[in-house]
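Step one of this worksheet: look at the structure below.
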Amino acid sequence: MNPQTRSLLIHRIVDSLAVLAPGSTFERFSVVLVQRLHGVQLVHRGSTINGSPVGRVLDAVSSDGRIVVEASIEKGYFSGSMLKPKRDLAHSLTLAPAAEEIFLLCSQRAETGVIERMVSELSIQNGLVGKRLNLMDSRSIAEALVDQLMLSDDAIDELAEYLPVLSEIRDDHPASLNAPPLSHSYISNELVDAELDKLMGHEACIEISGIGGIGKSQAAAACLERCASKFDYRFWVSGRDVDSIERLSSVPVRRGGAERNISALLRRNSTLLVIDDAAPGLDVSHLSDLCGPDSRIIITRQNPSGKAYSMPPMHKEQARSLLNQGVSCSVPHFEFERIWAAVGGHPLSLALLNAAAREGVAWSELAEDCSNVAKLPVSGGRLADRILGRLRPVLEDELSLFQWAGQSHCDRAFFKHVVGSLRLRAFERHGITAPESDASIRIHDIAFASLRSLNWLTEARSNEIDGHLEEFITRQIRNDGHGLQLIASQLRSKIALNVERGDRRSAFLYALSTIWSGASVPVHLFPDPLQEARRIASHGAIGQDVAILVVLESIEAKERHLRHTSGTEAARTWLGGVEPAYEILAGTLGLADRQVAEIKHHHAKTLRALGRRASAMRLFEEVVTQYSLNDSKLQLIRLIGADPNEHMRAKRYASEIISEKVSGHGVSPSLLMAMGDCLNGARLTWGGALIAEHEELFLSEALYSAAMGIPQGYHSLANFARAVVWHAPERVFDLLARLPEPTPLMLDDDQSRGSYAEIMLIAGKAGKDGCLGLALDAYESLKHPDAYQRRKWGEVLYQLKRYLEAEQILEEIDGDPSGRIWLAHSLSQVKMELGKLEEALALVDESVDGAVGVNEKYLSSFLLQRVKLKKRLKIDASSDIARGRASTNNVKLLEEFSTFDSGESRLH
């Protein structure tokens with residue numbers, strides 16, 4: 001857990017313990033705490049049922065008398081001559097002479113060192129031979145809760161009855177794995193409940209199947225609620241995020257600031273997992289294999305396997321009860337029979353009818369609508385068309401948002417921005433929404449299918465929502481949170497469609513520029529930088545903030561595009577032609593200080609791309625001096641980080657950025673992840689201490705961003721994986737266990753897919769089964785792989801022993817001078833396996849010769865490859881072995897050199 005998070009949680013619990021009263025409440029809390037921490041059953045004797053104290057007895061004792069608990073809220077417990085704890089200990093020894101473990105707990109805080117001195121003193125004075133005294137103040141109690149019990153829902157539920165802050169702490173953290181609350185319209189089906197409870201008794205994995213809206217998710221949620229006390233951990237996962245067993249292993253679990261892996265909890269602990277709307281490819285038998293003896297998995301889906309429990313519809317009286325919920329006039333018998341004949345017991349359809357009735361639609365009209373449908377189709381579309389039409393007066397604005405977006409889900413913050421908080425809550429009460437993450441709101445597929453056949457979205461309404469979107473994006477641009485990336489990711493298709501149709505508002509272009517990269521950048525959609533700069537300058541800076549940012553971003557976007565598609569020289573030639581745009585923008589009247597700094601910052605980045613390093617550095621330094629822009633500090637770190645004479649300055653800039661992030665302002669997620677990438681690359685020099693101290697800060701951001709589908713998240717995680725496998729290989733599997741799975745939003749993004757593929761390559765090389773195949777699948781699906789990605793693709797083929805294919809891909813790579821030494825190394829490995837030893841030796845010689853400066857740290861890897869070749873060619877390799885061992889402290893490399901060293905010794 002992040003040390004800062006841990007400290008904050010501990011302080012929060014300590015503050016709550018200090019005011020916990022009366023004493024009988026803390027006493028019961030202490031008994032439960034000791035039971036949970038040590039897995040024992042205690043008999044509580046210290047107070048009556050109504051809370052009155054009972055004299056001359058111990059607060060709690062185990063049935064065999066081995067464990068004793070005494071609890072106190074006395075404020076002077078740890079001060080002065082400590083009479084109270086002395087009396088409690090004497091009392092325990094008198095009444096339980098056979099006690100081996102004595103727990104004295106107090107809700108107050110002890111000064112540093114007091115507990116240790118007190119335990120030592122009391123142990124000596126009372127001769128506690130063969131006994132152990134456990135003295136716990138509020139801080140040690142809080143530490144035990146955070147470190148040992150916070151992940152256990154069952155324990156926290158029980159303890160929170162006495163200390164409510166514990167449930168608040170647990171629920172303050174990401175709740176994407178919490179079960180959705182039961183709908184207000186949910187009506188229990190006793191037959192379904194009994195059948196599911198029976199299956200839970202002997203099946204490791206229970207599958208609930210049925211058509212959309214039949215109540216599968218609600219039945220699973222009710223089952224989870226009923227069985228809560230039987231499981232230590234209970235989680236809910238969307239099937240859209242888990243389409244394979246391997247992906248399930250990567251779902252992160254966060255509770256109270258701690259993080260675990262679901263698969264590990266299923267194997268080792270009593271865990272109940274629900275996978276809602278599971279993918280057809282998830283095999284029930286394979287899911288069952290994940291479960292330990294006390295764990296269970298429930299999955300819901302429309303496409304059942306052979307052993308699925310088919311969710312039955314509601315029976316008649318349940319349907320009548322659902323229709324009558326919250327209405328002023330109950331459904332008459334005749335109308336109910338007509339509805340029942342058409343709809344049957346389909347819960348979602350009945351809930352939609354009920355919602356229409358609550359809005360004042362007559363039962364006779366509703367029954368007539370239903371009578372026109374002979375039988376509810378599997379998709380439910382025709383009925384929903386009619387029912388949603390009846391809800392149009394109250395839900396038209398809300399539902400038209402989904403028509404406008406062209407999808408069943410929408411960014412929750414944007415939805416609330418458009419309709420308001422009150423209407424959002426009212427909308428969710430209509431029974432149309434499906435379980436979804438906190439960042440998104442989704443309507444049932446049956447409802448969305450009906451929307452597509454309705455014509456509620458007028459041109460005027462569409463234009464109005466576009467205006468809301470522009471306003472919302474503009475607000476997010478200057479925020480330091482994830483809002484911009486979330487809206488750009490969730491509504492990417494809609495924003496792109498608007499731009500392609502000619503609606504090139506600055507906010508839309510800027511949002512898309514944050515998620516497009518490389519060859520996928522549609523540069524034709526961005527304005528000409530010189531023309532747009534002149535237009536802005538002629539109008540002045542007032543109201544042009546986003547337009548200025550679009551010019552700056554469009555220059556960088558097209559440079560990335562040209563560099564990827566046409567090479568570095570073509571990109572530099574184009575940059576040279578548009579460089580005057582910065583001077584034009586800088587001359588615009590009315591610029592704010594931040595705008596001036598941002599123009600200079602982007603100009604400096606262009607100078608660096610043009611190879612004018614000294615000029616770029618001077619301009620970055622000018623920005624840092626005049627405005628202290630963190631983005632410019634990062635660029636300076638990249639420029640000076642390789643210079644030993646500048647290490648202290650690089651470390652100072654990095655420390656300033658970290659300090660601002662910790663203080664809660666001035667650092668965007670994108671900047672923080674880029675800073676983490678720099679520190680990972682500088683672990684052996686100036687960045688080692690900083691990354692060691694703040695690694696969780698950077699890693700958590702990368703994990704969270706990747707989980708949301710932000711491309712930079714997986715890019716940053718790939719950097720972490722490379723660093724860990726080199727500097728701390730024993731931690732590779734711990735890192736892999738925390739990885740989020742790719743989302744559908746990443747399917748069209750080469751940066752995310754390439755980074756994910758590289759992580760799978762690293763995992764495969766570390767011995768994780770199946771990962772090399774996943775890496776190859778990801779590389780083969782890249783639309784426009786760059787030179788680095790193609791080189792890694794070749795490495796995957798090499799690891800899979802597909803040497804001819806690897807050779808072909810690697811030899812076709814051109815235009816990547818910075819990665820040439822690694823390309824030569826990879827080709828050398830491939831050609832060695834193909835028996836082309838002389839070619840392989842020439843290539844690795846190139847790698848060894850190029851391992852200078854910042855690349856010197858890779859020298860030992862290249863020398864090891866040359867040693868292998870020389871051994872095959874029967875050439876003396878003793879000097880390379882000695883040189884390789886002297887140039888690394890990597891344990892794995894040293895072991896390999898030692899193997900060859902022993903062989904050389906025998907030869908001599």
Original post:
Does atom CZ of Arg268 have more than 12 heavy-atom neighbours, drawn from other residues, nucleotides or ligands, at distances under 6.0 Å?
Top reply: no
Original post:
Is there side-chain contact between Ile275 and Trp236, with heavy atoms separated by less than 4.5 Å?
Top reply: no
Original post:
Taking the side chain as C-beta and beyond, is there a heavy-atom pair between Phe103 and Val68 under 4.5 Å?
Top reply: no
**OP:** Report the C-alpha distance between Met673 and Ser705 in whole Å, list the side-chain angles of each, state the deciding distance to 0.1 Å, and finish with yes or no for side chain to side chain contact (heavy atoms under 4.5 Å, CB included).
**Re:** CA-CA 9 Å; Met673 287 187 283; Ser705 296; 3.4 Å; yes
Subject >> Contacts of type salt bridge (charged side-chain N to carboxylate O under 4.0 Å, His left out), residue Arg87, not counting sequence neighbours >> reply: none
Original post:
After noting the C-alpha distance and the side-chain angles of Leu149 and Leu33, does the key distance pass the side chain to side chain contact (heavy atoms under 4.5 Å, CB included) rule?
Top reply: CA-CA 9 Å; Leu149 296 180; Leu33 176 67; 3.9 Å; yes
Original post:
Do the side-chain N and O atoms of His44 and Glu27 include a donor-acceptor pair separated by under 3.5 angstrom?
Top reply: yes
Subject >> Working for side chain to side chain donor-acceptor pair (under 3.5 Å), residues Ser440 and Gln490 >> reply: CA-CA 8 Å; Ser440 181; Gln490 294 205 41; 3.3 Å; yes
Original post:
Would you find a donor on one side and an acceptor on the other, under 3.5 Å apart, between the side chain of Ser30 and the backbone of Phe26?
Top reply: yes
Original post:
Phe415 vs Phe427 aromatic rings, parallel, tilted or perpendicular, using cut-offs 30° and 60°?
Top reply: tilted
Original post:
Do the side chain of Arg234 and the main chain of Ala228 share a donor and acceptor less than 3.5 angstrom apart?
Top reply: yes
Subject >> Separation between CG of Asp232 and CG of Asn269, rounded to the nearest 0.5 Å >> reply: 6.5 Å
**OP:** State whether the side chain of Ser655 and the backbone N or O of Lys651 hold a donor-acceptor pair below 3.5 Å, judged by distance alone.
**Re:** yes
Original post:
Is Lys84 salt-bridged to Asp88, going by a charged N under 4.0 Å from an acidic O?
Top reply: yes
Original post:
Do the charged groups of Arg66 and Glu100 touch, with an N to O distance under 4.0 Å?
Top reply: yes
Original post:
Under the 3.5 angstrom rule, does the side chain of Ser295 hit a backbone N or O of Leu266 as a donor-acceptor pair?
Top reply: yes
Subject >> Ser716 (side chain) donor-acceptor with Gly713 (main chain) under 3.5 angstrom >> reply: no
Original post:
Rounded to the nearest 0.5 Å, how far does CG of Leu17 lie from CZ of Arg139?
Top reply: 12.0 Å
Original post:
What's the shortest heavy-atom distance between Ser107 and Ser138, and which atoms?
Top reply: O-CB, 3.4 Å
Original post:
Do Ser217 and Asp276 have side-chain N/O donor and acceptor atoms under 3.5 Å apart?
Top reply: yes
Original post:
With a cut-off of 6.0 Å (strictly less than), are more than 12 heavy atoms of other residues, nucleotides or ligands near CZ of Arg226?
Top reply: yes
Subject >> Closest non-hydrogen atom pair, Val732 against Val724 >> reply: N-CG1, 3.8 Å
**OP:** Look up atom CG in Leu166 and atom CD1 in Ile156, then write down how far apart they are to the nearest 0.5 Å.
**Re:** 5.0 Å
Subject >> Distance in Å, Trp686 CH2 paired with Ile691 CD1, rounded so as to fall on 0.5 Å steps >> reply: 9.5 Å
**OP:** Evaluate the side-chain proximity of Leu272 to Tyr233: yes if any heavy-atom separation is below 4.5 Å, no if none is.
**Re:** no
Subject >> Gln41 side chain to Ser62 side chain, donor-acceptor N/O pair below 3.5 angstrom >> reply: no
Original post:
Quick one: side chain to side chain donor-acceptor pair (under 3.5 Å) partners of Asn680, sequence neighbours excluded?
Top reply: Arg683
Subject >> Shortest non-hydrogen separation from Met200 to Ile298 and the atoms involved >> reply: SD-CD1, 4.0 Å
**OP:** Step by step, work out the side chain to side chain contact (heavy atoms under 4.5 Å, CB included) result for Leu42 and Val61.
**Re:** CA-CA 5 Å; Leu42 300 174; Val61 63; over 6 Å; no
Subject >> Residues Asn134 and Glu101: side-chain donor-acceptor under 3.5 angstrom >> reply: yes
Original post:
Do you know the tightest heavy-atom contact between Ile10 and Glu143?
Top reply: CD1-CG, 3.6 Å
Original post:
Under 3.5 Å, is there a donor-acceptor pair between the side chain of Ser659 and the main chain of Glu656?
Top reply: no
Subject >> Check: Lys131 side chain, Ala99 main-chain N or O, donor-acceptor pair, under 3.5 Å >> reply: yes
**OP:** Kindly compute the distance separating CD1 (Ile477) from OG (Ser668), expressed to the nearest 0.5 Å.
**Re:** 13.0 Å
Subject >> Ser92 side chain reached by Glu70 side chain, heavy atoms, under 4.5 Å >> reply: yes
Subject >> Donor-acceptor under 3.5 Å (Asp59 side chain, Ala71 main chain) >> reply: yes
Original post:
Side chains of Ile759 and Leu739: does their closest heavy-atom pair fall under 4.5 Å?
Top reply: yes
Subject >> Side-chain touch Glu701/Glu696, heavy atoms, less than 4.5 angstrom >> reply: no
Original post:
Do Asn630 and Met675 have side chains that get closer than 4.5 Å, going by heavy atoms?
Top reply: no
**OP:** Taking all non-hydrogen atoms of both residues into account, name the closest pair between Met118 and Pro85 and its distance.
**Re:** SD-CG, 3.7 Å
Original post:
Taking side chain as C-beta onward, heavy atoms only, is Val34 less than 4.5 Å from Leu105?
Top reply: yes
**OP:** State the NZ-CZ distance between Lys416 and Arg425, to the nearest 0.5 angstrom.
**Re:** 8.5 Å
Subject >> Heavy-atom donor-acceptor pair, Gln218 side chain to Tyr186 backbone, under 3.5 Å >> reply: no
Original post:
Would you find a donor on one side and an acceptor on the other, under 3.5 Å apart, between the side chain of Thr271 and the backbone of Leu265?
Top reply: yes
Original post:
Can you check side chain to side chain donor-acceptor pair (under 3.5 Å) on Asn719 and Asp677, steps first, answer last?
Top reply: CA-CA 6 Å; Asn719 279 317; Asp677 295 343; 3.0 Å; yes
Original post:
For Glu111, does the CD atom have more than 12 heavy-atom neighbours from other residues, nucleotides or ligands under 6.0 Å away?
Top reply: no
Original post:
Which pair of non-hydrogen atoms, one from Phe720 and one from Glu695, has the smallest distance, and what is that distance?
Top reply: CE2-CG, 3.7 Å
**OP:** Please step through side chain to side chain contact (heavy atoms under 4.5 Å, CB included) for the pair Phe231 and Arg296, ending with a clear verdict.
**Re:** CA-CA 9 Å; Phe231 298 90; Arg296 297 290 184 271; 3.9 Å; yes
Original post:
If you measure only the distance, is there a donor-acceptor pair under 3.5 Å linking the side chains of Ser140 and Asp137?
Top reply: yes
